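The structure appears right after this line, and notes come after that.
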Protein chains: 2
Amino acid sequence: MVSEQDEIEQSVIAAVLAGRFSPGERLVESSLAGLYGVSRTRVREALMRLQTRGIVEVSARRGWFIVRPSAEEAHAAYQARKVIEIGLVMSIRQVLPDAIRQLRHHVEEEHAAIHDSNVNARVCLLGDFHVHLAELFGNPVLTKIVSDLTARTTLISMLYQPAAAAEESSDDHGSILDALEAGDIARAAQLMSEHIDRVEAGIDLSVMRDPLDGLRKILAPGEGLVRSAAPQQAAQNSVHSTNRQTE
Amino acid sequence: MVSEQDEIEQSVIAAVLAGRFSPGERLVESSLAGLYGVSRTRVREALMRLQTRGIVEVSARRGWFIVRPSAEEAHAAYQARKVIEIGLVMSIRQVLPDAIRQLRHHVEEEHAAIHDSNVNARVCLLGDFHVHLAELFGNPVLTKIVSDLTARTTLISMLYQPAAAAEESSDDHGSILDALEAGDIARAAQLMSEHIDRVEAGIDLSVMRDPLDGLRKILAPGEGLVRSAAPQQAAQNSVHSTNRQTE
DNA sequence: GCGATCACTCTTGTATACAACAGTGATGGG
DNA sequence: CCCATCACTGTTGTATACAAGAGTGATCGC
């Protein structure tokens, strides 16, 4: 299989989406090379592809970093998703009952994850809903775009979205399915728009602006003294592939 | 400036959009390296980024090729554009007179290019209209997506779109602006949808399916014997940068 | 004459070596 | 005690070397 080339790429995305890498976190080429047992060349190529996809960025001769979107960039990502997903819903010609059934099942999984209060799985699933919605359009180009964009915003939500917002999101998903099932495309599009707006409104930008996030997490396990939206001392597991994020 | 890194990337895109590279054409790493006066490493990295953006593809140990979309892939690209641009138009809140003025000016340029019968400039400008429309949304993420997607379809149109369709396209652009100016967003979206459908319908897939396109162009300058949508013996100029395609 | 085999070439795939620079801590002067 | 300078370390940036496979043409057997 040719796809062994982008094993690293997928693995990094999976790690980000699973919360093992946090925004702003540094990735060192040689370390990754050691972990995967390959040379820097391949790691570097994978990172460059991820850069194109907006997942990582490089600071000259300093290192690679998981993107830490500014408030403005975060807004742009959410707005882009809104535009594209509205277009997607508006372009739906017929709603297959089977597709609805699948998505309903997915929303149930979301609910389960919410009650298990597993932040990573929860936010991941909430993003996956949108990807699956795009998937049933049957257009790989669109699916990839939505998938990448969702990964970006998921990365934001994972750190800055309070738990309460997750439940709300899942309910929104249910309402969107209701509208779709009823064949009310316009209403589904409207709900989608409101939904993404709500998700964006739910994130706490004040935390994001602060460049000392990592430090805060280390210094404030006891809460109270330092304001922290979602402590979640992530990024303690090592990388170790687990090529989960496939398509 | 850091952007010197992707000079190669931009240059290749420019060459493709200017018709100096045709779909299916082969790119040899070492040749490009020689032309740009750098090592294969940098060329390779640029090509990989272009691969992520859907402009080139690689066949293991055979070479890099400008993408030659299959009928199915072409359809997916057009459909993706339709979905996204419908979403874009539908999301427009207010139409600035200044923006309309700029776009009107652009459409005039299109007309000029059509009468000059310059295939490359013509098709390029027709694509640029959509990019500029996306630009005035002020969202760099969306602009990049539309830009990449437009590049892909432009690449198709350039080879397979008959001249008559270009005039029709430009008229469509005018109508879309009319609707926008009148504040009739829904109508603008509808027109956009029809427009992209028309563009797609205008391409001649029968030529595209044929893998001997290059041969045909060489053997049939006199027409008649070999069917050819747009002979346009392109790809005779060498690369030579001219970093025209900026954003 | 025709087909299969083989050697050769061309090109990518991968690793490694070295250059260039940012960041950091030590050292020395005031 | 504080600040500037300097050497050092760590990391990316770039080039080069070599491995591996695809394609091609010649050669050989029939």
Side-chain angles (χ1 to χ4, degrees), chain A residues 1-12 21-68 211-215 218 235 238-239 241, chain B residues 1-12 15 21-68 211-215 235 238-239 241:
Chain A
M1 57 178 84
V2 187
S3 60
E4 195 177 324
Q5 321 282 10
D6 46 33
E7 188 184 327
I8 301 169
E9 197 177 341
Q10 294 295 339
S11 171
V12 171
F21 286 146
S22 313
E25 194 161 339
R26 188 171 177 196
L27 301 178
V28 175
E29 290 181 4
S30 45
S31 306
L32 290 176
L35 270 168
Y36 291 109
V38 298
S39 82
R40 267 183 59 213
T41 310
R42 285 182 61 186
V43 171
R44 193 172 164 75
E45 284 171 354
L47 287 173
M48 275 177 155
R49 276 192 288 255
L50 287 174
Q51 184 184 25
T52 306
R53 296 171 66 182
I55 309 291
V56 304
E57 58 195 0
V58 64
S59 173
R61 277 172 233 275
R62 279 182 12 89
W64 294 85
F65 300 87
I66 306 292
V67 288
R68 171 193 288 278
L212 299 173
D213 186 55
L215 195 60
I218 293 165
S238 75
V239 177
S241 69
Chain B
M1 56 180 83
V2 188
S3 61
E4 195 178 325
Q5 320 281 11
D6 47 33
E7 189 185 324
I8 301 168
E9 199 177 339
Q10 293 296 339
S11 171
V12 170
F21 285 147
S22 313
E25 196 161 336
R26 188 172 178 194
L27 301 178
V28 175
E29 290 181 4
S30 46
S31 306
L32 290 176
L35 271 168
Y36 290 110
V38 298
S39 82
R40 267 182 58 212
T41 309
R42 285 182 59 187
V43 171
R44 194 173 163 76
E45 284 172 354
L47 287 173
M48 274 175 156
R49 276 192 289 252
L50 287 174
Q51 184 185 26
T52 306
R53 296 171 67 183
I55 310 291
V56 303
E57 58 195 1
V58 64
S59 174
R61 277 171 231 275
R62 280 183 11 91
W64 294 85
F65 300 86
I66 306 292
V67 289
R68 170 195 287 279
L212 300 172
D213 186 55
L215 196 59
S238 76
V239 178
S241 68

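Both backbone and side-chain heavy atoms feed into the values below; hydrogens, waters and symmetry mates do not. In what follows, every chain begins at residue 1, and chains take the letters A, B, ... in the order their sequences are listed. In this text the structure is predicted, and so the values were computed from the model without any measurement.
- A pairwise comparison of heavy atoms in Ala33(B) and Arg40(B) identifies CB-N, 3.9 Å as the closest pair.
- Note: CE (Met48(A)) to P (dT12(D)) measures 11 Å, nearest angstrom.
- Sequence order on DNA chain C of the closest nucleotides to Arg40(A) and Ser59(A) puts Arg40(A) first from the 5' end.
- Checking dT14(D), dC21(C), dA15(C) against every side-chain atom of Ser39(A), the shortest atom distance belongs to dA15(C).
- With rounding to whole Å, Ile8(A) atom CD1 is found 13 Å from dA15(C) atom C1'.
- Contact between the side-chain N/O atoms of Arg44(A) and the OP1/OP2 oxygens of dG13(D) is found at a separation under 4.0 Å.
- Taking the side chain of Glu45(B) as heavy atoms from C-beta on, and the options dG13(D), dT14(D), dA20(D), the nearest nucleotide is dT14(D).
- Taking every side-chain heavy atom of Arg61(A) into account, dT12(D) is the closest of dT12(D), dT12(C), dT11(C).
- Side-chain nitrogen and oxygen atoms of Arg62(A) include at least one within less than 4.0 Å of the OP1 or OP2 phosphate oxygen of dG23(C).
- Atom CZ of Arg42(A) is separated from atom P of dT16(C) by 13 Å (rounded to the nearest Å).
- Minimum heavy-atom separation, Thr52(B) to Arg49(A): OG1-CG, 3.2 Å.
- Rounded to whole Å, atom P of dT14(D) lies 11 Å from atom CG of Asp6(B).
- A straight line from CZ of Phe65(B) to P of dT11(C) spans 11 Å, rounded to a whole angstrom.
- Checking each of Glu57(B), Arg26(B), Gln51(B) against Trp64(B) for a side chain to side chain contact (heavy atoms under 4.5 Å, CB included) leaves exactly one that passes, namely Gln51(B).
- Atom-to-atom, CD of Glu29(B) to P of dT14(D) comes out at 16 Å; the value is rounded to the nearest Å.
- Note on Thr41(A): every side-chain N or O is 4.0 Å or more away from OP1 and OP2 of dT14(C).
- Just one residue in the list Met48(A), Glu45(A), Arg53(A) forms a side chain to side chain contact (heavy atoms under 4.5 Å, CB included) with Glu9(A), and that residue is Arg53(A).
- As judged by a 4.0 angstrom heavy-atom cut-off over every strand, Leu47(A) is placed among residues making no nucleic acid contact.
- Rounded to whole Å, atom C1' of dT14(C) lies 18 Å from atom OH of Tyr36(A).
- Closest approach of Gly24(A) to Phe65(A), counting heavy atoms only: O-CD2, 3.5 Å.
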